[in-house]
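Following: one structure in structure tokens, then a few remarks.
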Amino acid sequence: MNKKQVIMGSALCLIASMSWGAMFPVAHVALQKIDPFYFSFIRYGVVAVILSALLWMKEGKAAFRLEGKGKALLFYGIMAFVVYNMLVFTGQHLMGDSGTITASLIEVLMPMISVLFVWITAKEKPPGYTIISMLLCLAGAVLVITNGKLAFFAEAGKSLFPLLLILLGVTGWVLYSMGGSRFKDWSVLRYSTLTCILGSMVSLVIVFLATLLGLLPAPSLQTLEAVKWEMSFMILLPGIAALLSWNAGLKMLTPLNGILYINFVPITTLVIMAVQGYQVSMFEILGTLLVIFAIVRNNLVQRKMQKKRGQAAESRATTRAVASRSGRQKDSNLNAL
């Protein structure tokens, strides 16, 4: 990995993380004017069109073939572009001002949520250092969510439902990210585009039926006009640029190095909220820093363990090579006799 590659990969991951960090404060403004379901549907409906155009130009018509993987693509599309987007923004909106930093912080917990998911479903217990990091993340999240107030637990019923929606939504994105490993022979653009198209189609059905039943208010032209700048930002930066930048950056830096940049998500959110006039409390700052510390700590220990395993494997390979050469030399000496 050369210096230029490190700089470019770091810049791409930083762009993605800061875009995602800015996403929640911008969404908070838009959600005062438009329903979260319509907000999510319109956002990724436009993203699906743009990604489709990019995929057509880059890989051609053949890239749109499902190749017998339609059910898997539909599932992951629903997880990312229905479950994640609709539930996270609905939960954020229901929690009010505190939902912005809460949603941002839980976004950062994705690596830990994926570890917990594998632990529960595959019965693969994570190493001790990861369990400690998970507990630290939980403590930091509790500090932010409660804002250091014990009264939160007495009134937990009011925030429990929206918090659950955010957690379910983030878990949906974790499943989507893990699903990408099933499409290793596909480009990132193709996987992203096809899942986005299918997920957006499901979103269309949901908002259409909900509106027909009188459960969702259809946005007027005046409403769409009022959120045009927020929507444009959500489409272009967190929707397209962040997705493509993140995947390209991880490819340059490797996931182990690139994942550290996810810590800029809540930092960016806190800065923007402070600029908007939100009084960021010391508990929210401390909780965010604790989560960041836990993730960095886990990453550094993981690096150390991988390095040790690599050195051990290299040592074993060297031992086998020496033994093999010694054996061949012994055979050669016997033949000479």
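Heavy-atom basis, side chains included; hydrogens, waters and symmetry copies ignored.
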Exam field: side chain [X] to backbone [Y], donor-acceptor pair closer than 3.5 Å:
X: Thr268; Y: Ser17; value: no
X: Glu230; Y: Val29; value: no
X: Thr269; Y: Ile101; value: no
X: Ser40; Y: Asn85; value: yes

Once rounded to the nearest 0.5 Å, what's the spacing between atom [atom1] of [X] and atom [atom2] of [Y]?
X: Leu74; Y: Leu194; atom1: CG; atom2: CG; answer: 12.0 Å
X: Leu66; Y: Leu73; atom1: CG; atom2: CG; answer: 6.0 Å
X: Leu224; Y: Met231; atom1: CG; atom2: CE; answer: 7.0 Å
X: Ser192; Y: Leu55; atom1: OG; atom2: CG; answer: 9.5 Å
X: His93; Y: Ile166; atom1: NE2; atom2: CD1; answer: 12.0 Å
X: Ile267; Y: Thr288; atom1: CD1; atom2: OG1; answer: 8.5 Å

Please examine the side chains of [Y] and [X], heavy atoms only from C-beta on, and report whether any two atoms are closer than 4.5 Å.
X: Thr100; Y: Gln92; answer: yes
X: Pro238; Y: Phe233; answer: yes
X: Ile106; Y: Leu163; answer: yes
X: Trp173; Y: Val170; answer: no
X: Leu164; Y: Leu160; answer: no
X: Phe24; Y: Glu107; answer: yes
X: Cys196; Y: Val47; answer: yes

Closest non-hydrogen atom pair between [X] and [Y], with its separation:
X: Met234; Y: Arg43; value: O-NE, 3.3 Å
X: Gly172; Y: Val83; value: CA-CG1, 4.2 Å
X: Ala242; Y: Trp20; value: CB-NE1, 3.5 Å
X: Pro162; Y: Leu94; value: CB-CB, 3.7 Å
X: Glu284; Y: Gln279; value: OE1-O, 4.1 Å
X: Ala103; Y: Val88; value: CB-CG1, 4.4 Å

Over 12 foreign heavy atoms within 6.0 Å of [atom1], [X]:
X: Leu213; atom1: CG; value: yes
X: Met18; atom1: CE; value: no
X: Phe293; atom1: CZ; value: no

Examine [X] and [Y] and state if one hydrophobic cluster contains both, with Ile, Leu, Val, Met, Phe, Trp and Tyr joined whenever side-chain heavy atoms are less than 4.5 Å apart.
X: Ile240; Y: Val188; result: no
X: Val202; Y: Val46; result: yes
X: Val82; Y: Leu168; result: yes
X: Leu212; Y: Phe41; result: no
X: Leu237; Y: Ile272; result: no

Working for side chain to side chain contact (heavy atoms under 4.5 Å, CB included), residues Val205 and Met201: CA-CA 6 Å; Val205 173; Met201 289 172 65; 5.9 Å; no
Mutual orientation of the aromatic rings belonging to Phe64 and Trp56 [parallel < 30°, tilted 30-60°, perpendicular > 60°]: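 The arrangement is tilted - the two ring planes meet at 30° to 60°.
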Candidate pair Phe89 and Tyr38, rule ring-ring contact (aromatic ring centres under 6.0 Å, His included), full reasoning: CA-CA 11 Å; Phe89 289 123; Tyr38 266 103; over 10 Å; no
Under 3.5 Å side-chain donor-acceptor pair for Ser220 and Thr223: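 Looking only at side-chain atoms, Thr223 and Ser220 do form a donor-acceptor pair, the distance falling under 3.5 Å.
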Derivation of the side chain to side chain donor-acceptor pair (under 3.5 Å) call for Tyr176 and Thr195: CA-CA 9 Å; Tyr176 171 73; Thr195 51; 3.2 Å; yes
